[in-house]
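Beneath this line is the structure, given in structure tokens, with notes to follow.
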Protein chains: 2
Amino acid sequence: MNRIVLIIEYDGTNYVGWQIQPNGIAVQQVIGNALKKITGENITLHASGRTDSGVHARAQTAHFDTESRIPAEKFAFALNTYLPPDIRIKASLEMPREGEAEFHARFSVQKKYYRYRVLNSRHASAFSRSTALHVHTPLSIEKLNAAAELFIGTHDFAAFKAAGSKAETTVRTIFLSRWSRDGDCIVYDVAGSGFLYNMVRIMVGTMLRIGQSSDDISKLRHALECPHRENAGDTAPAHGLTLWRIEYPEFDTEDLLLRNFLI
Amino acid sequence: MNRIVLIIEYDGTNYVGWQIQPNGIAVQQVIGNALKKITGENITLHASGRTDSGVHARAQTAHFDTESRIPAEKFAFALNTYLPPDIRIKASLEMPREGEAEFHARFSVQKKYYRYRVLNSRHASAFSRSTALHVHTPLSIEKLNAAAELFIGTHDFAAFKAAGSKAETTVRTIFLSRWSRDGDCIVYDVAGSGFLYNMVRIMVGTMLRIGQSSDDISKLRHALECPHRENAGDTAPAHGLTLWRIEYPEFDTEDLLLRNFLI
């Protein structure tokens, strides 16, 4: 048996998310079906984590075990011939499946990066309509960044967790939390050891009200000090969010994506 | 009667192009139907020029005449409530319809800019799949730019004109012709007084073969000196092309787009 790792990009618009659900098509399922065609095996994919319906991925990472003798790096090319154009494998590689060096796409994660994209303009865009949230009231990037800074460090994020989340502890560490410009949009980049269910979207929803001057920054301070869901803001829509990058002890998805470019 | 000008962004993926065709839905038609709902009038839209099936626009410009008393700048907001999300009006303004100062979206054009987007990578992208051409053989940006430079100036572009084009003269002047990087893609920006049918796509198709070292740059020199269609390269696919910007004596679409941003 070989353990193969896939770096996966997907436009989440037409999927119910990563994980198989009764109400639509999941990304996991589409890739599983393509792997069945290639290997003849019923393959279970283990991802770094789920993404919700409508959330995108630039570097989702998943592993599977196979008896197939196809060279690891060929899986990306083979899968892309079977997958729809809104799911692309950007790299495939082999990793150890036994012993001390065993790699696991979920348990080996060191750092996860998300990006949330906002178009702050009078009129929406035909091009970013499924990858950026359109906000038509003026935002202040200074206020957004004053709020974003408060997330850095180790906090109890219970106020930023969707009801029904079953995490054992709600304490998480945030390494990066920053708004910046990217073309026509402003983007929020956040990196952490891990995230609770809907955590990034609730963080963004809370910051956007501060950025629009509808809420004072003290509201966010309060939500971090008194960690109850009602102290944070709304959950920002799924379509602005992209799973951006994952760091493992063995590799950084960023380096693998760079190798994809020819120019 | 008032003459209203619209600055229009569209994702051309789901349309047969700007102009009404028997085989599908045209952008012109969708906006015409929305104008009918708003004004009750049967309105004829005059655009800066057609775009082909699958070609996008960031700043298509069109005018129409109406008896409606709706303030000019309100048309953008009113139309966007009726239009599908892949067509957005970015600005609307009034321009003179009579006398010396008469504005015409087509006849008043001074300079037109197009951008052609290429993703040069091993694997295609889920995100740019409908807005960039994926090229999986290595390109040289130096070779692309050596070719692009040859287009600058006034030339007979008969070799870069689709069969069936009825232009009276095939001489055109190119002001800007340059490849550069833009995020994950490389982009070709070209500006001219006007373009023949399929001209930009044939120019790009010809340059891509030079950039891949399949053709020598002397092939392009020959096509400009001996202007016959067979001397130029293939027509690059429509989906990489975007009508980018238009300069009129009265305004530049770039300035109008900038006013749309709130941050």
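The structure displayed is predicted, hence computed values, not measured ones. Each chain gets a letter, A, B and so on, in the order the sequences are listed, and its residues count up from 1.
- Contact annotation for Leu119(B): only side-chain heavy atoms (C-beta onward) come within less than 4.5 Å of a heavy atom of chain A.
- Classified by interplanar angle (parallel below 30°, tilted 30° to 60°, perpendicular above 60°), the ring pair His123(A)/Phe77(B) is tilted.
- Across all non-hydrogen atoms, the minimal contact from Ala76(B) to Ala91(B) is CB-C, 4.1 Å.
- Remark: of the listed residues Phe195(A), Trp244(A), Tyr188(A), Phe195(A) is the sole one forming a ring pair (Phe, Tyr, Trp, His ring centres under 6.0 Å) with Tyr114(A).
- For Asp11(A), the parts sitting under 4.5 Å from any heavy atom of chain B are the backbone and the side chain alike.
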| said: Walk me through whether Lys90(A) and Arg259(A) qualify under side chain to side chain contact (heavy atoms under 4.5 Å, CB included). | reply: CA-CA 9 Å; Lys90(A) 307 299 274 199; Arg259(A) 286 184 215 161; over 6 Å; no
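- Looking at heavy atoms from C-beta onward, Leu6(B) lies in side-chain contact with Phe64(B) at the 4.5 angstrom threshold.
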| request: For Val27(B) and Val30(B), run side chain to side chain contact (heavy atoms under 4.5 Å, CB included): C-alpha distance rounded to whole Å, both residues' side-chain angles, the deciding distance at 0.1 Å, then the answer. | output: CA-CA 5 Å; Val27(B) 177; Val30(B) 177; 5.8 Å; no
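- With Asp189(B) as the partner, the salt bridge (charged side-chain N to carboxylate O under 4.0 Å, His left out) test is satisfied by one option alone out of Arg117(B), Arg58(B), Arg245(B), Arg115(B): Arg115(B).
- No part of Asp182(B) comes within reach of chain A, as not one of its non-hydrogen atoms sits under 4.5 angstrom from that chain.
- When heavy atoms are compared at a cutoff of 4.5 Å, Ile186(B) approaches chain A solely by way of its side chain, counted from C-beta outward.
- Per-residue heavy-atom pair counts under 4.5 Å with chain A were compared for Ala57(B), Pro84(B), Ser130(B), Pro85(B), and the maximum is reached by Pro85(B).
- The part of Tyr10(B) that comes within reach of chain A is its backbone (N, CA, C, O), which places non-hydrogen atoms under 4.5 angstrom from that chain.
- Interface check for chain B: of the options Thr131(A), Ile89(A), Ile87(A), the most heavy-atom pairs under 4.5 Å are formed by Ile89(A).
- Residue Arg181(B) touches chain A through its side chain alone, counting heavy-atom pairs closer than 4.5 Å.
- For Ser125(B), the parts lying under 4.5 angstrom from a heavy atom of chain A are both the backbone and the side chain.
- Of the atoms belonging to Asn260(B), heavy atoms from both backbone and side chain fall under 4.5 Å from chain A.
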